[in-house]
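As structure tokens, the structure follows; a few thoughts come after it.
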Amino acid sequence: MLTDQHGRELRYLRFSVTDRCNLRCFYCQGMTKVVSHKDILRYEDIEKLLVVAQRLGFKKVRLTGGEPFLRRNFFDFLERLSKKFSELDFRITTNGTLINDDNLLSKLKALGIKGLNVSLDTFSRDTFEKITGKDLLHNVVDTIYMGLDLGLRIKVNVVALKGINDQELKQFIDLACLFPVDVRFIEFMPIGDKTIWKKEYYWSAEDILKNIKEMVPLIPIEHGQNSGPAKIFEIKDGRGRIGVISPLSNHFCAECNRLRFTSQGRLRPCLFSDKEFNLLGLLRSPKITLERLEKVITLIAQNKPMGFHLLKMYQNKVCSTTMVSIGG
Ligand code: SAM
Ligand code: SF4
């Protein structure tokens, strides 16, 4: 088991498999320069890293982006992973716009993908277009309902945006009441272009919970070892659950068990620190051995910082890498 300098056991690895996306969510993209293919992690690079990750005791792997389903041959890649790394628990985070198709979703289920996190910030077509630049709300909604019908475990990620989607709280609660989904509100984070994050959009987890409790009774759920940064609640008589993720207002660094690889093959020990280690050259070196890679990753992981302190110290201005390349 890989443990860092703060005694945190690292079990969860995330890969941004592409920095490209078919949407342009204003809170995520900023002005993004697209990186040339040769500088992006290849599938075989990721597979090599997964061999090492397994040796180091990682259990859960999330594939995200950019939009992962935009990457060519992504399904073939998933198929290879599910055969080669059957002990790893693979999850995917997606905007849900490219997989609103029964066959594709069934394929995901057949490949043993345990969970799909689908991002959905609004039920209004207009607001969706304003946030993402595309009129594709119906695709996302279809993906969620089709996925649920097929028995996929779905979590809905909502970036909480005051003045933009706070008026739709009731609709999100209804979704979690009627269907077995976790609806999780994520505080808007100051990542990437520093001009985008604005205080007036910021809707704190505390306020979100207060607003929800005015509408439905919530029952807190004990925080398990693998439950990640979300605070989760059951809804009285509801089929799904509500969660809040509060990176700004209430840090969860002490429980953070994750490492991230950016789409450019940089190992990023902490979301809130731009300190990244470019392993692309090393990964592709003909002389590199798995043992050497394991040593390098261990050394970097052991020095994983507590990002919340950085946020406080530098007044939220610590993260200039864009979210598309980090992967959330
Ligand atoms: N394209 C996929 C999607 O949208 O789900 C995967 C990549 S996206 C970067 C991963 C997650 O990060 C999404 O749930 C998105 O809403 C969230 N995200 C992006 N920018 C954010 C920000 N500034 N603050 C909070 N969450 C953000
Ligand atoms: Fe694309 Fe996801 Fe970022 Fe939106 S949040 S721009 S869908 S990567």
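Remember, predicted model here, so these are calculated numbers, not experimental data. Counting starts at 1 for both ligands and their atoms, in listed order.
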Tell me, which protein residue and heavy-atom name are nearest [atom], and how many Å apart are they?
| atom | result |
| --- | --- |
| atom 10 (C) of ligand 1 | G327 O, 3.8 Å |
| atom 7 (C) of ligand 1 | G65 O, 3.1 Å |
| atom 4 (Fe) of ligand 2 | C25 SG, 2.3 Å |
| atom 12 (O) of ligand 1 | G328 CA, 3.9 Å |
| atom 2 (Fe) of ligand 2 | C21 SG, 4.4 Å |
| atom 3 (Fe) of ligand 2 | C28 SG, 2.4 Å |
| atom 19 (C) of ligand 1 | M323 CG, 3.4 Å |

Ligand 1 and [X], any nitrogen or oxygen pair closer than 3.5 angstrom?
| X | result |
| --- | --- |
| S119 | yes |
| M189 | yes |
| Y27 | yes |
| E67 | yes |

Pick from C21, C28, G66: the one approaching atom 1 (N) of ligand 1 most closely through a non-hydrogen atom: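 That would be G66.
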
Aromatic rings [X] and [Y]: how do their planes relate, parallel, tilted or perpendicular, breaks at 30° and 60°?
| X | Y | answer |
| --- | --- | --- |
| Y201 | F188 | tilted |
| F74 | Y43 | tilted |
| F172 | F123 | tilted |

Need the ligand 1 atom indices (1-based, order shown) with element for anything under 4.0 Å from a heavy-atom of [X].
| X | value |
| --- | --- |
| V159 | 16 (O), 26 (N), 27 (C) |
| E187 | 24 (N), 25 (C) |
| T94 | 2 (C), 3 (C), 5 (O) |
| T64 | 6 (C), 7 (C) |

contact_flag I191 ligand 1 heavy-atom lt 4.0 Å: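 Not so, I191 does not reach ligand 1.
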
Is a salt bridge present between [X] and [Y], judged by a nitrogen-to-oxygen distance below 4.0 Å?
| X | Y | value |
| --- | --- | --- |
| D166 | K162 | no |
| R80 | D76 | no |
| R284 | E44 | no |

Consider only side-chain N and O atoms of [X] and [Y], and report whether a donor and an acceptor are under 3.5 Å apart.
| X | Y | answer |
| --- | --- | --- |
| N157 | T93 | no |
| N95 | E67 | yes |
| T64 | R14 | no |

K107 side chain near L78 side chain, heavy-atom distance below 4.5 Å: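 Answer no - side chains too far apart.
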
K130 side chain reached by T122 side chain, heavy atoms, under 4.5 Å: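 A side-chain contact is absent here, since even the closest heavy-atom pair is not under 4.5 Å.
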
Proximity flag G66 to ligand 2, non-hydrogen atoms under 4.0 Å: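 Yes; G66 lies near enough to ligand 2 that a heavy-atom distance drops under 4.0 Å.
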
Partner of I164 by side-chain contact (heavy atoms from CB on, under 4.5 Å), out of D121, T127, V159: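 Checked D121, T127, V159 against I164; only one passes side-chain contact (heavy atoms from CB on, under 4.5 Å): T127.
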
Contact atoms of ligand 2, heavy-atom distance to N95 under 4.0 Å: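 Result: 7 (S).
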
